[in-house]
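What follows is a set of notes on a single structure, which appears directly below.
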Protein chains: 2
Amino acid sequence: MVKNTGRAGYLQIADDLRAQIRGGSLAPGTPLPSTAQLAEQYDASLSVVKMAVGILRNEGLVIGQQGKGVFVTDPDQTPAAGDTGGEVAELRAVVQDLSVRLARVEEQLATSTTPRSGRSSR
Amino acid sequence: MVKNTGRAGYLQIADDLRAQIRGGSLAPGTPLPSTAQLAEQYDASLSVVKMAVGILRNEGLVIGQQGKGVFVTDPDQTPAAGDTGGEVAELRAVVQDLSVRLARVEEQLATSTTPRSGRSSR
DNA sequence: TGAGCCAACTAGGTTAACTATGTTGGCTAC
DNA sequence: GTAGCCAACATAGTTAACCTAGTTGGCTCA
């Protein structure tokens, strides 16, 4: 399953699993196969599989529970790894502000343009 | 150097190096100390250091050259792992555009509602 | 039936060893 | 001076082994 494409085996596995997660084959909350099973499926060592899963964990796509397994995270509740979360939060705040202001403007326009005919054809 | 904070050693090292890179201590183009040196500095095994560096490599913060070393990447030229960087930049631009346009509309409204006293005291 | 024990299974971290590949500097020969 | 060789150094990937910690299910006993 791990091909000689020059791309490291652990990255290929991570790519494959990520594609499954992104593509919906592995839905949020779904447990991934165990490390042992993945090693068998991908014909790789446990260590390589662990590395691959570690990559996805750092990306926030999966979360592991000792003794239980590794589960696909819910994208709506994933803070997003790294500082991106902070940037996204910032953008959300700005968008929220714009939304409020725009609603206000729309309201003003709705009440102020009604009596003025000729201004409604924008 | 790797503390018993419950956070994995390799993650601590990655955090530390990331902070140095983000903080400017390690400028773009700068070579990181070698794996052997980092292992000594952080009192960890080669493998742990490699994992830490691997994390940073996946984040696009560093790039390695065999036989030479690992170098800090230039943030302006780093695509940022995945599409998140590009998407955030794009969203910023859109938000900025909306901000300007909304401010303009708000200004127009302010001037067109001036003759109507009682409506400006929002 | 419920509680306790334990084996099997699981994730995650750490370590050492090995391999492949590339870089660099010193040394030698021409 | 230049080219070639090689040891030392370096990155990156792979593997196996070990350890800690947690989960689960089956079995035994009260």
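On a predicted model such as this, the values are computed, not experimentally measured, just so you know. Numbers restart at 1 for each chain; the letters A, B, ... are given by sequence-line order, proteins then strands.
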Exercise. What integer distance in Å separates A:Leu38:CG from D:dT15:P?
Worked result: 14 Å
Exercise. Separation of A:Lys68 atom NZ from C:dA8 atom C1', in whole Å?
Worked result: 17 Å
Exercise. Within the modelled atom types, does a donor on one side and an acceptor on the other bring the side chain of B:Ser47 and the base of C:dA16 under 3.5 Å apart?
Worked result: yes
Exercise. Is a donor-acceptor contact shorter than 3.5 angstrom present between the side chain of A:Ser45 and the base of D:dA16?
Worked result: no
Exercise. Looking at side-chain heavy atoms only, is the closest gap between A:Met51 and A:Val48 below 4.5 Å?
Worked result: no
Problem set entry | Side chain of B:Gln66 - closest among C:dT24, C:dA20, D:dT23 | C:dA20
Exercise. So do the side chains of A:Ile21 and A:Arg18 get within less than 4.5 Å of each other, counting heavy atoms only?
Worked result: no
For this session: For B:Glu40 and C:dT15, give me the distance from atom CD to atom P, rounded to whole Å.
Result: 15 Å
For this session: Please say which of B:Val70, B:Val49, B:Leu38 ends up in a side-chain contact (heavy atoms from CB on, under 4.5 Å) with B:Pro33.
Result: B:Leu38
Problem set entry | Residue B:Ser34, side-chain heavy atoms: nucleotide from D:dT11, D:dG13, C:dT15 that is nearest | D:dT11
Exercise. Between C:dG12 and B:Arg7, is there an OP1 or OP2 to side-chain N/O distance shorter than 4.0 Å?
Worked result: no
Problem set entry | A:Ile63 side, atom CD1; A:Phe71 side, atom CZ - distance, nearest 0.5 Å | 10.0 Å
Exercise. Starting at CD1 of A:Ile13 and ending at P of D:dT14, how long is that distance when rounded to a whole Å?
Worked result: 8 Å
For this session: Could you check how far OH of B:Tyr10 sits from P of C:dT15, rounded to whole Å?
Result: 13 Å
Problem set entry | Nearest-angstrom distance from the residue atom OH of A:Tyr42 to P of D:dT15 | 15 Å
Exercise. Side chains of B:Asn58 and A:Glu59: closer than 4.5 Å at any heavy-atom pair?
Worked result: no
For this session: Return the 5'-most residue of the pair B:Met51, A:Gln65 with respect to DNA chain C, ranking by each residue's nearest nucleotide.
Result: A:Gln65
For this session: In whole angstrom, give the distance that lies between atom CG of A:Asn58 and atom P of C:dG12.
Result: 11 Å
Seminar exercise, completed: Winner on side-chain proximity to A:Leu11, out of C:dT14, C:dG12, D:dG13, is D:dG13
For this session: Using a heavy-atom cut-off of under 4.0 Å over every strand shown, decide if A:Gly9 touches base, sugar-phosphate, or nothing.
Result: sugar-phosphate
Problem set entry | Whole-Å gap separating C1' (D:dT11) and CG (B:Leu46) | 12 Å
For this session: Check whether any side-chain N or O of B:Lys50 sits under 4.0 Å from OP1 or OP2 of D:dT11, and answer yes or no.
Result: no
